[in-house]
Asks: 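The structure is given below, and queries will be raised subsequently.
In what follows, chains are A, B, ... by sequence order, proteins preceding strands, each numbered from 1.
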Number of protein chains: 2
Amino acid sequence: MHGHPSPSDGTGPADAHDHACGGEDLLARAERICRERGLHYTDLRRRTLEAVAGEGRALGAYDIAERLSVPGRRVAAVSVYRALDFLTENGLVHRIASRNAFVPCGHGHGGGESTVFLICRTCGTVGETVSRDIQRGLDSTLASAGFKPVSHIVEVEGECGACQGRGGTE
Amino acid sequence: MHGHPSPSDGTGPADAHDHACGGEDLLARAERICRERGLHYTDLRRRTLEAVAGEGRALGAYDIAERLSVPGRRVAAVSVYRALDFLTENGLVHRIASRNAFVPCGHGHGGGESTVFLICRTCGTVGETVSRDIQRGLDSTLASAGFKPVSHIVEVEGECGACQGRGGTE
DNA sequence: CGTGGTCTGTTACAGTGTAACAGGGCCGTC
DNA sequence: GACGGCCCTGTTACACTGTAACAGACCACG
């Protein structure tokens, strides 16, 4: 499907239970997490996750609603938002703030590493990688500023490797 | 987003000469930049900038429109959006993607430094700082991923120094 | 004076997101 | 089984965000 750029830092994943290790795909992980946490892995939530996972690029909530709708059975965007809230809270999808759109979560996000989203202007795919260096820079910067972080986002727009190879008139 | 061809590092929005050096305030800088670049510093653009600058927190486009409107003379949001586009392109305001709102630009954003926005959950103020460390971490991470950046955003949500002092545990 | 370009006003509309309430399914208790 | 509580979903309504398209105003320039 969509190949994530590998975690380039080469630093191993931190957290033992949450990340997509080798063979476990996102849907299996969702099922396991919900079971472990006693949450309801409902039909709507599963189908919402499938819709997001089945797309390399970021999907808007209304796009997802459209994909989930069939003639005679329409899924309202508000239901999709609630499913996305659930999936986001449980680390199964991410929201791309600069696009108002959602992507499947491909990493485990243990401590000590910042997640970075790589948004390709050409093909629209959204890659995800993690970086210990950025997290360290962030930590020191915030400490100097006296700011206590709760969450943060790092989003980069540009051209992915595949598109550089294919199209670049440079 | 930015129409500026950026120098080699690729992620800096503007060139090195328009930063707030010492005492120059934002409005004076705006006037100077427009004069230097032969751009129209119109009434709407000036008042939009004043509205954004006169607020510590991020303002939405409709908030700005409301502030600029007086009985009998209403400013439409679409006009504000155009003014904001202009101001953003010229490095006078920033867009906070996670809030869909705008803040005045307080730094010069020379090359080699990432701009970081510090959004306080308690008081709503948005601080701005720059970090060479984060930029370096970003550069190495993107290089490893084979991703060519054009622009990027770093936004942190948390608690600012003032609110930690005031509200901590109470 | 005309002309062309930019800026603004206006309307219309698409997309994003939340609040509030109603109904339905599930599960534990009585 | 009936009841009641809780969560999830459907539905409606609405507010906010953002863009497209066209018309008029305004200004510099020949």
Asks: Contact class for A/R95 (heavy atom, under 4.0 Å): base, sugar-phosphate, or nothing?
Replies: sugar-phosphate
Asks: Treating primed atoms plus P, OP1 and OP2 as sugar-phosphate and everything else as base, which nucleotides of nucleotides 9-14 of chain C get B, S or - for protein heavy atoms under 4.0 Å?
Replies: BBB---
Asks: Is it true that A/D139 and A/R136 make a salt bridge, defined as a side-chain N closer than 4.0 Å to a carboxylate O?
Replies: no
Asks: Apply side chain to side chain contact (heavy atoms under 4.5 Å, CB included) to residues B/R74 and B/S79 and explain how you reach the verdict.
Replies: CA-CA 11 Å; B/R74 180 180 148 269; B/S79 295; over 6 Å; no
Asks: For B/D63 and D/dA15, give me the distance from atom CG to atom P, rounded to whole Å.
Replies: 15 Å
Asks: In whole Å, what is the span from the CD atom of A/E89 to the C1' atom of D/dC8?
Replies: 14 Å
Asks: Tell me the interatomic distance from A/H40, atom NE2, to C/dG25, atom P, rounded to whole angstroms.
Replies: 15 Å
Asks: Mind calculating the distance between CZ (B/R45) and P (D/dC26) to the nearest angstrom?
Replies: 16 Å
Asks: Rounded to whole angstrom units, what separation is found between the CG atom of B/L59 and the P atom of D/dT17?
Replies: 10 Å
Asks: Reckon B/N100 has a side-chain N or O less than 4.0 Å from the OP1 or OP2 of D/dG18?
Replies: yes
Asks: Answer yes or no: is there an ion pair linking A/R82 with A/D85, defined by an N-O contact shorter than 4.0 Å?
Replies: no
Asks: Under 4.0 Å between a Lys/Arg side-chain N and an Asp/Glu carboxylate O for B/E31 and B/R46?
Replies: no
Asks: Under 4.5 Å between any side-chain heavy atoms of B/L118 and B/E128, yes or no?
Replies: no
Asks: B/T42 side chain N/O closer than 4.0 Å to the phosphate oxygens (OP1, OP2) of C/dT8?
Replies: yes
Asks: Take atom OH of B/Y81 and atom P of C/dT16, then tell me their distance rounded to the nearest Å.
Replies: 13 Å
Asks: Which residue, A/V126, A/T129, A/I153, forms the side chain to side chain contact (heavy atoms under 4.5 Å, CB included) with A/F117?
Replies: A/V126
Asks: How close or far is atom P of C/dT18 from atom CZ of B/R99, stated in whole angstroms?
Replies: 12 Å
Asks: Please state how far atom CG in A/N90 lies from atom P in D/dC7, giving the value in whole angstrom units.
Replies: 15 Å
Asks: State whether A/D25 and A/R29 are salt-bridged, where the test is any N-O pair (Lys NZ or Arg NE/NH1/NH2 against Asp/Glu carboxylate O) under 4.0 Å.
Replies: no
